[in-house]
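Data block below; observations after.
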There are 2 protein chains.
Amino acid sequence: MCCMSQRAPLSSAGSRRKRSKGDLTSQAILDTAERLLETKSLDEIAVDELTSGAGISRSTFYFHFESREAVLYALSERVSEGLYESAAMWLRRGSEPPADSIRRAIAATVALWRQHGPVLRAAVRARDTNSMMRDFWADVAHRFIDSTAQQIEIERAAGVAVPGPPNARMLANVLISMNESACYNMSLGRKSAARDRELVETLTSVWLRSVYGASD
Amino acid sequence: MCCMSQRAPLSSAGSRRKRSKGDLTSQAILDTAERLLETKSLDEIAVDELTSGAGISRSTFYFHFESREAVLYALSERVSEGLYESAAMWLRRGSEPPADSIRRAIAATVALWRQHGPVLRAAVRARDTNSMMRDFWADVAHRFIDSTAQQIEIERAAGVAVPGPPNARMLANVLISMNESACYNMSLGRKSAARDRELVETLTSVWLRSVYGASD
DNA sequence: CTTCTGAGTCGACACGGTGTCGATTACTTT
DNA sequence: AAAGTAATCGACACCGTGTCGACTCAGAAG
């Protein structure tokens with residue numbers, strides 16, 4: 001039912017030694033996948049493209065991963081930690097003004113999408129055909145929306161944010177959706193620091209006006 | 001290069017008579033496709049599912065359509081007109097307050113996604129693997145963003161909307177992205193009039209606060 | 001009424017990708 | 001050096017695609 005990369009750890013950090021050849025080829029498959037995702041979608045990538053890139057035969061692939069999707073799952077996990085970090089930036093802000101912490105969090109998200117756009121795009125796309133990826137994103141979204149909604153309610157209770165409606169949870173939901181789809185689209189275009197900065201400013205502005213009612 | 005449903009008209013309105021059998025089967029394929037999209041994604045649908053649903057053999061499919069994607073394109077065109085209508089609602093508002101025209105436009109969009117969610121979702125998904133669909137959406141997005149940005153600038157010039165930054169075009173872009181992805185997600189869930197209404201209110205609120213700075 | 005034409009249909013085929021299995025080889029461990 | 005487990009491979013059966021040439025059949029032309 002559940003299934004993940006089936007070869008549980010494949011840790012790079014952690015255990016000393018025991019770089020047991022298998023880990024090396026798993027790693028090679030992952031690297032090849034990440035490289036290929038820069039030019040093709042996941043289901044345009046054939047298994048033998050993954051394995052020939054790693055110097056092994058096609059059938060050996062199935063020793064390391066259950067499916068193409070399992071590879072994507074493993075790649076996504078490498079990246080998702082970064083997502084959580086950037087999300088945490090808004091929360092637990094000190095006496096810093098909201099504008100700064102929100103801008104920092106959004107800038108971090110945009111940067112992450114710039115860096116791992118292909119993987120994140122593939123992960124998003126796989127969400128509605130693959131149950132493993134659906135669960136993965138459901139978990140990510142749950143944490144994001146929960147903590148954002150909670151933060152909105154705190155700010156409202158403190159009289160800093162404008163009160164509802166809209167309901168805090170749904171507001172959090174649409175704002176996070178907005179960020180995701182804006183980042184998705186951004187990562188499709190050619191890299192441009194100026195446009196990225198403008199995107200960060202635009203998203204920040206929408207967040208500030210929607211939650212606090214002010215443009216800082 | 002370009003290619004569409006290859007059998008150009010397949011019009012239902014227009015020509016009297018000449019319901020030339022071929023049009024009937026094309027239509028049957030389209031109907032079957034729309035029905036199947038309610039439960040599967042486009043590339044999970046095999047050609048013989050489409051044709052057996054229409055009572056013909058698999059190979060006959062290729063007489064009527066060039067590919068599965070061409071079927072989706074034909075389906076999308078049936079729906080896109082509705083999109084344009086709802087977009088036009090904000091523009092050319094009379095003396096009506098912005099809150100009302102924006103709410104009406106968003107409500108129409110949400111309703112359209114409720115009605116044709118499966119097709120629209122498939123069309124969105126096909127966007128980044130199929131060039132025909134990419135061009136189709138590029139055209140839709142272009143019209144939407146252009147006219148929205150233009151409207152924002154008009155309202156700013158009139159002193160009704162808060163001035164930039166953010167740049168009107170990019171603001172339009174992220175707001176429209178937000179609407180699309182919110183509708184996409186909404187159409188995945190079970191139909192609920194209450195939730196739909198709440199979504200409309202939330203999106204409207206974000207638009208109003210982002211563009212006009214007020215919740216009306 | 002026949003004949004011709006082309007729109008519409010079909011079965012057969014070659015191709016390419018998937019996933020599995022049993023056999024084989026390469027490392028470790030004692 | 002022997003034993004066992006980790007990793008690899010080729011072969012195979014399966015499934016979906018797209019193409020091709022042959023067939024059918026309705027309606028226009030004679």
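A, B, ... follow the sequence lines: proteins, then strands. Residue 1 opens every chain.
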Find the distance [X]:[atom1] to [N]:[atom2] and express it as a whole number of Å.
X     : N      : atom1 : atom2 : result
A:I56 : D:dG10 : CD1   : P     : 12 Å
B:L50 : D:dG16 : CG    : P     : 13 Å
B:F65 : D:dG18 : CZ    : P     : 14 Å

Partner set under side-chain contact (heavy atoms from CB on, under 4.5 Å) for A:A108, not counting sequence neighbours: A:S86, A:M89
All pairs passing ring pair (Phe, Tyr, Trp, His ring centres under 6.0 Å) where residues 28-54 of chain B contributes a residue, at least two apart: none
Can you list, pair by pair, the side-chain donor-acceptor contacts under 3.5 Å of residues 41-48 of chain B, counting residues two or more places apart and other chains?
from  : atom 1 : to    : atom 2 : distance (Å)
B:S41 : OG     : B:D43 : OD1    : 2.9
B:E44 : OE1    : B:S41 : N      : 3.1

Does B:H64 make a side-chain N or O approach to OP1 or OP2 of C:dA7 shorter than 4.0 Å? no
Taking only the side-chain nitrogens and oxygens of A:T60, find out if one of them lies under 4.0 Å from OP1 or OP2 of D:dT8. no
Taking protein heavy atoms under 4.0 Å as touching, what does nucleotides 14-25 of chain C look like 5' to 3' if B marks base contact, S marks sugar-phosphate-only contact and - marks none? ----BBB-----
The complete set of side chain to side chain donor-acceptor pair (under 3.5 Å) pairs with one or both residues in residues 120-129 of chain A, sequence neighbours excluded, reads A:R121-A:S187, A:R125-B:D128, A:R127-A:E180, A:D128-B:R125, A:D128-B:Y184
Hey, could you give me each pair passing salt bridge (Lys or Arg N to Asp or Glu O under 4.0 Å) that has a residue in residues 194-205 of chain B? Not counting sequence neighbours. B:R103-B:E201, B:R114-B:D196
To the side chain of A:F63, which of D:dG10, D:dA6, C:dC10 is closest? D:dA6
Between B:D139 and B:R143 (salt bridge meaning N to carboxylate O under 4.0 Å), is one present in this structure? yes
